[in-house]
2 protein chains.
Amino acid sequence: MASLGELERAVMDLLWAGQEAATANRLRDLLAQSTQAQGGSAGHVGKDLAVTTVLTVLSRLEKKGLVERERGTRPHRYQAVSSREDHTAELMHEVLGSAPDREAVLARFIGSVTESEAETLRKLLGHI
Amino acid sequence: MASLGELERAVMDLLWAGQEAATANRLRDLLAQSTQAQGGSAGHVGKDLAVTTVLTVLSRLEKKGLVERERGTRPHRYQAVSSREDHTAELMHEVLGSAPDREAVLARFIGSVTESEAETLRKLLGHI
DNA sequence: TGAAACTTCTACAAGGCGTAGAACATTCAA
DNA sequence: TTGAATGTTCTACGCCTTGTAGAAGTTTCA
């Protein structure tokens, strides 16, 4: 149960972008602003959503273990459980894990990595 | 649109396992046999499915670009478009691709790879 | 204490997936 | 050549996820 919907992903992106915990209202505003801000293929982002919509999504993300909230403060504050990088790396391991022949997969994977990334990998593998 | 359902995955596993193209009927039989054959957590596999069910799944997999069929022969023969390893590696790139900070993700990823895999990666990175 | 702010509950529509019958198409033996 | 057997396509339905939000309940604060 790792895949996210479009809105769920948009919310996670916001939580990952800002380093602080945010309230549902804050996220609602940010989602609305994203319209003119970025010309990027933001998809459905930019809509003026109801706060309850954001809260529902946050609850679902919490159930999925991607988000946690401070229940103490009154406007609950939400934050990502792990960084975007950690989460992505975890996802990659999940994908790889389901393969019987992990090394063969890694071979294909490495085959299509940019040179600078290959360099990064060499360094990382050096001191392990 | 990369994720597969349980039955879809079971079918792909069979197509990836056998090197030859298979008919819907053949796949139906294989899915049925999987019951007692493997004690593994095969999930719902092992059920006696209708052939039309298998055909529907194959059509969907074809639409997703994971399977292709020979329409010439009468019992159409289906086969995976790419190997399981290629497909998995592609999936990994998809996951990685959506990250702004690719190198940071790779760092986390490498951090939790087995030693033998690390060795494999070193070799692979050596001659690029 | 009552209005404002906030959260939870409930719900609905759309789309993906498992599942398969009904109807249409093709093949092959007699 | 024709009809039974085999095969494929169409259509459908129920369940689950996701986007979306109103209604109702809870907390806060002037």
Side-chain angles (χ1 to χ4, degrees), chain A residues 1-15 21-32 34-35 41-79 91, chain B residues 1-15 21-32 34-35 41-79 91 94 98:
Chain A
M1 202 219 270
S3 79
L4 299 183
E6 213 171 341
L7 180 53
E8 290 177 328
R9 171 153 298 275
V11 168
M12 286 310 298
D13 279 341
L14 288 173
L15 290 178
T23 67
N25 263 302
R26 174 91 179 115
L27 291 169
R28 187 192 110 279
D29 292 345
L30 290 174
L31 285 170
S34 309
T35 325
S41 56
H44 74 105
V45 182
K47 284 189 176 179
D48 241 323
L49 299 173
V51 191
T52 51
T53 299
V54 179
L55 281 165
T56 301
V57 167
L58 285 168
S59 291
R60 289 174 182 165
L61 288 171
E62 191 186 24
K63 188 188 297 182
K64 290 183 186 183
L66 292 179
V67 153
E68 64 188 359
R69 75 172 102 184
E70 304 168 24
R71 279 203 143 87
T73 68
R74 198 39 184 165
H76 293 178
R77 305 184 76 81
Y78 298 79
Q79 62 191 326
L91 265 191
Chain B
M1 202 221 269
S3 76
L4 299 183
E6 213 172 341
L7 179 53
E8 291 176 327
R9 172 153 298 274
V11 168
M12 286 310 298
D13 279 342
L14 287 174
L15 290 178
T23 66
N25 263 302
R26 174 92 180 112
L27 291 169
R28 188 191 110 279
D29 292 346
L30 290 173
L31 285 170
S34 308
T35 326
S41 57
H44 74 103
V45 182
K47 284 191 176 178
D48 240 323
L49 299 172
V51 190
T52 51
T53 298
V54 179
L55 281 165
T56 301
V57 167
L58 285 167
S59 291
R60 288 175 183 164
L61 289 172
E62 190 186 24
K63 187 188 295 182
K64 290 184 186 180
L66 291 180
V67 153
E68 65 189 357
R69 74 172 103 183
E70 304 168 24
R71 279 204 143 85
T73 66
R74 199 36 183 168
H76 294 178
R77 303 184 78 80
Y78 298 79
Q79 62 192 325
L91 263 192
E94 252 171 59
S98 70

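Letters A, B, ... mirror the listed sequences (proteins, then strands); counts begin at 1. Basis for what follows: all heavy atoms, side chains included, without hydrogens, waters or symmetry-related copies.
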inquiry  = Does a side-chain N or O of Lys47(A) approach OP1 or OP2 of dA21(D) to a distance below 4.0 Å, or not?
reply    = no
inquiry  = Taking the nucleotide of DNA chain C with the nearest heavy atom to each, does Leu4(B) or Ala24(A) sit closer to the 5' end?
reply    = Ala24(A)
ask   = If you find the nucleotide of DNA chain C closest to Pro75(A) and the one closest to Arg74(B), which residue's nucleotide is nearer the 5' end?
value = Pro75(A)
query = Quick check: does any side chain N or O of Glu94(B) sit under 3.5 Å from a backbone N or O of Leu91(B), one acting as donor and the other as acceptor?
reply = no
query = Side chain of Thr52(B): nearest nucleotide among dT18(D), dT19(C), dA22(C)?
reply =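 The answer is dA22(C).
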note = Per atom distances to the Leu55(B) side chain, the nearest of dA21(D), dC17(C), dT9(D) is dT9(D)
ask   = Heavy atoms under 4.0 Å, any strand shown: does Ser59(A) hit a base, just sugar-phosphate, or nothing?
value =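 No contact.
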request  = Mind checking Thr23(A) for me? I need base, sugar-phosphate or nothing, with any heavy atom below 4.0 Å counting as a touch.
outcome  = nothing
query = So which of Lys63(B), Lys64(B), Arg60(B) actually passes salt bridge (Lys or Arg N to Asp or Glu O under 4.0 Å) with Glu8(B)?
reply =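 Between Glu8(B) and the candidates, salt bridge (Lys or Arg N to Asp or Glu O under 4.0 Å) is satisfied uniquely by Lys64(B).
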message = Without decimals, in angstroms, what is the distance between Leu61(B) CG and dC17(C) P?
response = 9 Å
inquiry  = To the closest 0.5 Å, what do you measure between NZ (Lys47(B)) and CG (Leu31(B))?
reply    = 12.0 Å
key: side chain to side chain contact (heavy atoms under 4.5 Å, CB included) partner of Leu58(A), the single match among Thr53(A), Val11(A), Leu66(A)   = Val11(A)
